Asker: 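After the structure tokens below, expect a handful of questions from me.
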There are 2 protein chains.
Amino acid sequence: MPTDLKQLAALLKLSPTTVSRALNGYSDVSEATRQRVAEAAKAAGYEPSPAARRLAIGRADAVGIVYPVEADFMGNPLFLEMIGGVSDRLDGAGYDVLLAVARKKTELRTYERLVRGRRVDGLIVAHTRVKDERIDFLRGTQMPFIGYGRTSECDDFPWLDFDNEACTRLAMNELTARGHRRIAYIHSPLNLNFAQQRYDGYLKAMAAAGLVVNPEHVLTGGHDRRGGYEATKRLLALADTRPTAILVDSNLCGVGTVRALLQAGIAIGTEMSVIVIDGLPVDTPLYDQDIAAIAQPTAHASGWTMADMLLKLIEGKPLDEPRVLKQPQFVNGRSLGLAPT
Amino acid sequence: MPTDLKQLAALLKLSPTTVSRALNGYSDVSEATRQRVAEAAKAAGYEPSPAARRLAIGRADAVGIVYPVEADFMGNPLFLEMIGGVSDRLDGAGYDVLLAVARKKTELRTYERLVRGRRVDGLIVAHTRVKDERIDFLRGTQMPFIGYGRTSECDDFPWLDFDNEACTRLAMNELTARGHRRIAYIHSPLNLNFAQQRYDGYLKAMAAAGLVVNPEHVLTGGHDRRGGYEATKRLLALADTRPTAILVDSNLCGVGTVRALLQAGIAIGTEMSVIVIDGLPVDTPLYDQDIAAIAQPTAHASGWTMADMLLKLIEGKPLDEPRVLKQPQFVNGRSLGLAPT
DNA sequence: TTGTATGCGTTATCAG
DNA sequence: CTGATAACGCATACAA
């Protein structure tokens, strides 16, 4: 079984050159030989050596995703889903997915390794922060990349993100329209750009509604279920100033919030209204609680789109839409009611 | 800035050969030049081209992990944690981690691509099934691999796994010792090897205790929280034959089970005893429910160990322990009590 | 201790 | 339409 281009060529009594061109679909090879070569290759189970290919072509045929563990050490299920979307797009194009797990300390060096060594043809930068040195680094290189999220200054690089301010604005509209005035806000760490933007949206909406923010009503929920749970318990402990509605800026925290409410015996939708941005994960038994949500395109779809953008960039094609801002949608649920009087 | 070995050599007035050897820590190069080269390389930010290196050396300097999405489409947080462990071991060794997301349909082809194209030097096969064609395929190749889990026949390949029968045996001992006789069992899909083995352990333990298995007490919980939740609801609906204890074979299902019990107002530990294998994930607010568990080494540690084994295999070193069977430990909790009389 | 020549498997250039 | 020849960037016998 020929494992080699040379051997395959010898077998076919052709030159390696011709075989190579036949396999790569060049126009200047007769249809007859193309067929013959293709069959022989498949029969022999021939796979070109990526290393040699890369060396000759100068491309890595790989895309990198750097996963910062500290940000989310337990593993956000949405992250794997996003990677699934990326893979689905890249698979047919013959690209590999390099997953680099980086501690905060070594993160930048990881990027340097990938870029300098041309280990990848492009990168997807997830978990963007308000001020993000990874983006700063990539700006100075020729390496194509897509931000999965924006940064504070983001007009000069391509990204895909959700309209985060709109997320909170939309949610706040629904709440104020129902008469809520004491609206609590549970958020992710504010160095993450999406969290900061959603938080801004909350503040602006409060101001627009003529409401004063009670500092006790704004709590960080960390990245996980547990954080949301504890933040909510603190809110419930407020005697006189207990909020009548809670807005949660991410799905995992949302689970914790709903848990805490159920456990405390609070009637969701009457005693306490709840909106969770991104909605609850479908794998939770709470899913049937029918919690109102701000819905985004799925992580899978986002991954697919980003991979598609990245491929265009790698091929040197211009991006018709270099900055993709997905608009959120309000999804009603039984967790929403009029403010108690 | 030299991006080339040749350029770097020219800069140093040395031959590329010498520079190469200096960088790769060969013995036959003077300490003085080694220093000089190392500094110059760092100063110039030189990174050797992996493609060229791979072609010359014949190694990929990469390890592959194939993630089957169907098995667990929402993304098990433990999976990312395991990858983190793999990366931590591999990082210093200069290996990349290739993550291939595979649909069941294309799974085998993915393996072929990785192996035939020598895209990786070794593989980690996760989610092993009782009868696993991926393992069968790899057996026929020279590609080193480690099973993250066993298969029905597994004496001829290296793996890391938990003693699954011991998991259920341990748990069952605790339950029968407390007088439980109606012990329900919620399990993952039985085509997964770990699920089958744990199930076997359950059956054996029941027999050993002289108990008869009630078919209504054995339910599949799927892979997620939701499945565990629904299975538990079905158990609670049993009027006369309601179990007094529930054993759950995986962590995510366990969350659902505890949820269902709390929601139904069941007193955990008195009305119903619960043991969850792997314990509840720490990011759940239920963590303080203090559920009894069968504890395993962390996914991170497992990943690290497997990567370590794989490196040895790649380097041709013999494995002193080719089959690593981790012993589980019983961890008591308030979820365990005497059987109600 | 260092340098020269050659090869890794593929693609690209340039003739036929 | 096809074939010889030279890269791609690095590592390694072998020679000096």
Side-chain angles (χ1 to χ4, degrees), chain A residues 1-38 40-41 44-62 94 96 113 115-121 315, chain B residues 1-38 40-41 44-62 94 96 113 115-121 315:
Chain A
M1 64 209 76
T3 179
D4 223 36
L5 192 63
K6 215 185 301 178
Q7 293 180 39
L8 187 63
L11 199 82
L12 288 162
K13 312 211 177 200
L14 286 172
S15 78
T17 313
T18 306
V19 177
S20 168
R21 277 184 300 213
L23 255 31
N24 292 335
Y26 272 53
S27 57
D28 57 354
V29 57
S30 80
E31 191 52 34
T33 40
R34 179 199 310 295
Q35 288 283 345
R36 213 156 61 88
V37 170
Y46 166 77
E47 281 273 352
S49 145
R53 206 183 152 74
R54 284 164 192 181
L55 189 56
I57 287 277
R59 248 187 313 141
D61 282 337
D96 290 333
R113 251 180 36 112
V115 172
R116 291 243 139 81
R118 294 209 174 293
R119 287 180 134 76
V120 295
D121 301 317
E315 288 164 9
Chain B
M1 63 208 78
T3 180
D4 222 35
L5 192 62
K6 213 185 302 178
Q7 292 179 39
L8 186 64
L11 199 82
L12 288 162
K13 313 212 174 195
L14 287 171
S15 78
T17 314
T18 306
V19 177
S20 167
R21 278 184 300 216
L23 255 30
N24 292 338
Y26 272 53
S27 57
D28 58 353
V29 56
S30 81
E31 191 51 35
T33 39
R34 178 197 312 295
Q35 288 283 346
R36 212 157 62 88
V37 171
Y46 166 76
E47 280 274 352
S49 146
R53 207 185 151 73
R54 285 164 191 181
L55 188 57
I57 286 278
R59 248 187 314 143
D61 283 337
D96 290 333
R113 251 178 36 110
V115 172
R116 291 241 139 79
R118 295 207 172 292
R119 288 180 134 78
V120 296
D121 301 317
E315 290 164 9

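Residue numbers start from 1 in every chain, and the chains themselves are labelled A, B, ... in the order their sequence lines are given, proteins ahead of strands. If you're wondering where the values come from, they're calculated on a predicted model, not measured in any experiment.
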Asker: Calculate the interatomic distance between Arg53(B) atom CZ and dA11(D) atom P; express it in whole Å.
Answerer: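 Taking atom P of dA11(D) as the reference, CZ of Arg53(B) is at 5 Å.
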Asker: Between Tyr46(A) and dT10(C), is there a side-chain N or O to OP1/OP2 distance below 4.0 Å?
Answerer: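 True: Tyr46(A) side-chain N/O within range (under 4.0 Å) of dT10(C) OP1/OP2.
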Asker: Describe the nucleic acid contact of Thr17(A) in one word from base, sugar-phosphate, nothing, applying a heavy-atom distance below 4.0 Å.
Answerer: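 Result for Thr17(A) = base.
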Asker: Quick check on dC8(C): is either OP1 or OP2 less than 4.0 Å from any side-chain nitrogen or oxygen of Arg54(B)?
Answerer: no
Asker: Any side-chain N or O of Thr18(B) less than 4.0 Å from the OP1 or OP2 oxygen of dT2(C)?
Answerer: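 Answer is no, no contact under 4.0 Å.
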Asker: Please examine the side chains of Arg36(A) and Leu14(A), heavy atoms only from C-beta on, and report whether any two atoms are closer than 4.5 Å.
Answerer: yes
Asker: What nucleotide, of dT1(C), dC10(D), dT11(C), holds the atom closest to the side chain of Ser30(B)?
Answerer: dT1(C)
Asker: From CD of Glu47(B) over to C1' of dG9(D), roughly how many Å is that when rounded to an integer?
Answerer: 14 Å
Asker: Decide yes or no for Leu5(A) and Pro48(A): does some side-chain heavy atom of the first lie under 4.5 Å from some side-chain heavy atom of the second?
Answerer: no
Asker: Between dG9(C), dC10(D), dG3(D), which nucleotide has the shortest distance from any of its atoms to the side chain of Arg21(A)?
Answerer: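 Among the listed nucleotides, the one closest to the side chain of Arg21(A) is dG3(D).
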Asker: Send over the distance from Asp61(A) CG to dC8(D) C1', rounded to a whole Å.
Answerer: 14 Å
Asker: Does a side-chain N or O of Ser15(A) approach OP1 or OP2 of dG3(D) to a distance below 4.0 Å, or not?
Answerer: yes
Asker: Assign each of Ser20(A) and Pro16(B) to its nearest nucleotide of DNA chain C by heavy atoms, then name whichever residue's nucleotide is nearer the 5' end.
Answerer: Pro16(B)
Asker: Whole angstrom is fine here: how far is it from CD in Gln35(B) over to C1' in dT1(C)?
Answerer: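 The distance from CD of Gln35(B) to C1' of dT1(C) comes to 16 Å, rounded to the nearest Å.
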Asker: Checking Arg34(B) side chain against Arg21(B) main chain: does a donor-acceptor pair fall under 3.5 Å?
Answerer: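 Checking the backbone N and O of Arg21(B) against the side chain of Arg34(B), no donor-acceptor pair under 3.5 Å is found.
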Asker: Without decimals, in angstroms, what is the distance between Lys13(A) NZ and dG3(D) P?
Answerer: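 About 13 Å, once rounded to whole Å.
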Asker: So Ile57(A), base contact, sugar-phosphate only, or nothing? Heavy-atom distance under 4.0 Å.
Answerer: sugar-phosphate
Asker: Out of Arg53(B), Arg54(B), Arg59(B), which one pairs with Asp96(B) under the salt bridge (charged side-chain N to carboxylate O under 4.0 Å, His left out) rule?
Answerer: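 When Arg53(B), Arg54(B), Arg59(B) are each tested with Asp96(B), the salt bridge (charged side-chain N to carboxylate O under 4.0 Å, His left out) holds only for Arg54(B).
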Asker: If you pin Val19(B) and Ala51(A) to their nearest nucleotides in DNA chain C, which one's is more 5'?
Answerer: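 The answer here is Val19(B).
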Asker: Minimum heavy-atom separation for Ala52(B) and Leu55(A), please, with both atom names.
Answerer: CB-CD1, 3.7 Å
Asker: Separation of Asn24(A) atom CG from dT11(C) atom P, in whole Å?
Answerer: 5 Å
Asker: Asp4(A) CG to dG7(C) P: how many Å, rounded?
Answerer: 14 Å
Asker: Check the distance between dT2(C)'s P and Leu12(B)'s CG and give it to me in whole angstrom.
Answerer: 12 Å
Asker: Taking only the side-chain nitrogens and oxygens of Tyr26(B), find out if one of them lies under 4.0 Å from OP1 or OP2 of dT12(D).
Answerer: yes
